[in-house]
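Order of the sequence lines sets the chain letters (A, B, ...), proteins ahead of strands, with each chain counted from 1.
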Number of protein chains: 2
Amino acid sequence: MPKLGMEPIRRAALVKATIDEIGAAGNLDVTVSSIAKRAGMSSALAHHYFGGKEQIFLAAMRHTLAIYAAEVRLALGQAQGHRARLEAIVRAGFTSSNFQPDVIAAWLNFYVLAQTSEDAHRLLQLYQRRLHSNLVHDLRPLIGTGADQAAARIAALIDGYYLRQGLARDAAERSDATRQVLAFLEIELKGRVQ
Amino acid sequence: MPKLGMEPIRRAALVKATIDEIGAAGNLDVTVSSIAKRAGMSSALAHHYFGGKEQIFLAAMRHTLAIYAAEVRLALGQAQGHRARLEAIVRAGFTSSNFQPDVIAAWLNFYVLAQTSEDAHRLLQLYQRRLHSNLVHDLRPLIGTGADQAAARIAALIDGYYLRQGLARDAAERSDATRQVLAFLEIELKGRVQ
DNA sequence: TTTTATTGATTGACGAGTCAATAAAGAACA
DNA sequence: TGTTCTTTATTGACTCGTCAATCAATAAAA
């Protein structure tokens, strides 16, 4: 019973199923069939709408990135002042939604894919540039020269902590990433060399 | 012409070939056959010596980690004083040998594997703990309380920068990671909050 | 009747792991 | 010394399974 206008619905379902499937597997060794089954359709339909496996992956990655970007935007919208905005950026990166196993899996595999896929790399660069420019925007008024370098350090620290937290198993391994990055921000702001 | 005592030679060749193959592919989608061919033997022999694919991977990861550990040890051995030792640790993480594409590929895929493989996770923890304790050892005498936290930040920063540098394509994207991390170290040492 | 939705069946390829067979090196032994 | 046995090295061939992608066919809407 072909209802028209199914395409966006099917695509969304496939994207969702892809993220879930990658999360369950931990890697990109997931079949189009398993994704399609999880999304409640045949694999032929998945191919019909996306063309191939890699395109399905990329759509899933774009979706993950978009959610993160929206979270950052929201947090920034509610923050008052440079300092609060910086904190908002940091906090947005470490919300519990970002530590869902499937989101972590998406990011890690995203990094792997970025080595060889031009599209994935471009997407990653987009994320990195956005983060960097967000940080610089509110660091510059506070510390002027060196804001660029400080932003680079903070961005790398966010990524580094995310990686560690994401791969931590038990509570003992885990630390309060937000607090640590904020402490670092504190140091960058107050403990300027010079 | 079965010369005896081939096992260690074959194993080493397979480990080397595995790293090369993963480097060439960028991911773990490499076949035992391709690895064996690169190492100059049949796939059956690879199975004979390692049992299965995952064990070959783990051996390759262990090898990569061992090389890194040796580099750190060497650098530490030549450094005089706490400050110099800290710098040595940082520098060791960013030597050009660590930025060979195949080494980067090994690390990224290692992270992916650490999500699901108990062995890989254990190995990763080993690396993280060693780095942390190395840092604390020389931070404590310099800054006392808070050395633990500072070490955690520096370790995360190293990982974060490595990730960024490893995934950078052109020189424009790349920055001097060593200098940045050392600048941060400087801030941690001199710009103590309290 | 043209467009959109949908799938079962098929194709063509590849891959992990097994196994039986071959061969050489050393050990035991007569 | 020559003979037989055991261990180690090595591979071609094979099994069994999987999977991406295609296609022809069905069906409902416009």
Side-chain angles (χ1 to χ4, degrees), chain A residues 1-61 105 109 112-113 116-120, chain B residues 1-61 105 109 112-113 116-120:
Chain A
M1 41 197 153
K3 302 148 195 174
L4 296 208
M6 289 302 287
E7 177 155 358
I9 298 169
R10 293 304 202 186
R11 289 184 97 100
L14 282 168
V15 162
K16 174 73 165 56
T18 302
I19 294 169
D20 290 352
E21 200 70 13
I22 293 175
N27 54 49
L28 297 185
D29 271 336
V30 295
T31 70
V32 175
S33 296
S34 67
I35 292 172
K37 174 182 269 186
R38 193 185 276 260
M41 71 194 82
S42 73
S43 70
L45 196 55
H47 274 101
H48 173 67
Y49 281 127
F50 277 98
K53 202 177 172 180
E54 177 151 351
Q55 281 140 299
I56 301 181
F57 282 154
L58 282 171
M61 299 297 182
N109 284 289
V112 167
L113 201 61
T116 54
S117 159
E118 196 53 55
D119 290 309
Chain B
M1 38 195 154
K3 303 149 195 172
L4 295 207
M6 289 302 287
E7 178 156 356
I9 297 168
R10 294 303 201 185
R11 289 184 96 99
L14 282 168
V15 162
K16 174 73 166 58
T18 302
I19 294 169
D20 289 352
E21 199 70 13
I22 292 175
N27 53 49
L28 297 184
D29 272 335
V30 296
T31 70
V32 175
S33 297
S34 67
I35 292 172
K37 174 182 270 186
R38 191 184 279 259
M41 70 194 82
S42 73
S43 71
L45 197 55
H47 275 102
H48 173 67
Y49 282 127
F50 277 98
K53 202 177 170 179
E54 177 150 352
Q55 282 140 298
I56 301 181
F57 282 155
L58 282 171
M61 298 300 182
N109 284 289
V112 168
L113 200 62
T116 55
S117 159
E118 195 54 55
D119 291 309

**Item:** Spacing between L45(B) atom CG and dA21(C) atom P, to the nearest angstrom
**Value:** 19 Å

**Asked** Within the structure shown, what part of the strands sits under 4.0 Å from G51(B) by heavy-atom distance: base, sugar-phosphate, or nothing?
**Response** nothing

**Item:** Smallest separation among heavy atoms of S117(A) and E54(A), with atom names
**Value:** OG-OE2, 3.6 Å

**Message:** As a test of reading the structure: which of dT8(D), dT6(C), dT7(C) is closest to the side chain of H48(A), going by heavy atoms?
**Reply:** dT6(C)

**Message:** Does a side-chain N or O of Y49(A) approach OP1 or OP2 of dT4(C) to a distance below 4.0 Å, or not?
**Reply:** no

**Asked** How many angstroms lie between OG in S43(A) and NZ in K37(A), if you round to the nearest 0.5 Å?
**Response** 10.5 Å

**Message:** Just the rounded figure in Å: distance from P of dA20(D) to CG of D29(A).
**Reply:** 10 Å

**Message:** Please report the distance, rounded to the nearest Å, between CG in L28(A) and P in dA20(D).
**Reply:** 12 Å

**Request:** May I have the distance from L14(B) (atom CG) to dA9(D) (atom C1'), rounded to whole angstrom?
**Result:** 13 Å

**Message:** Within a 6.0 Å radius of atom NZ on K16(B), are there more than 12 heavy atoms belonging to other residues, nucleotides or ligands?
**Reply:** no

**Asked** Within this structure, what is the CD-to-C1' distance between E54(B) and dG17(C), rounded to whole angstrom?
**Response** 15 Å

**Item:** Whole-Å distance separating the CZ atom of R11(B) from the P atom of dA9(D)
**Value:** 11 Å

**Request:** Report the distance from atom NZ of K37(A) to atom P of dT7(C), rounded to the nearest whole Å.
**Result:** 13 Å

**Message:** Is there a side-chain contact between L45(B) and F50(B) in this structure, where contact means two heavy atoms from C-beta onward sitting under 4.5 Å apart?
**Reply:** no

**Message:** Can you measure L4(A) atom CG to dT2(C) atom C1' for me and round it to whole angstrom units?
**Reply:** 12 Å

**Message:** Measuring only between side-chain heavy atoms, which start at C-beta, is I22(B) closer than 4.5 Å to N27(B)?
**Reply:** no

Which pairs, protein N/O on one side and nucleotides 13-16 of chain C N/O on the other, fall under 3.5 Å?
from: dA16(C); atom 1: OP1; to: K53(B); atom 2: NZ; distance (Å): 3.0
from: dA16(C); atom 1: OP2; to: V32(B); atom 2: N; distance (Å): 3.1

**Asked** Which listed nucleotide (dT4(C), dT7(C), dT6(C)) is nearest to the side chain of A44(A)?
**Response** dT7(C)

**Request:** Would you check if D119(A) and L113(A) make a side-chain contact, meaning some heavy-atom pair closer than 4.5 Å?
**Result:** no

**Request:** Kindly say if R10(A) contacts the phosphate of dT6(C), meaning a side-chain N or O under 4.0 Å from OP1 or OP2.
**Result:** yes

**Asked** Is the shortest heavy-atom distance from the side chain of T18(A) to the side chain of R38(A) under 4.5 Å?
**Response** no

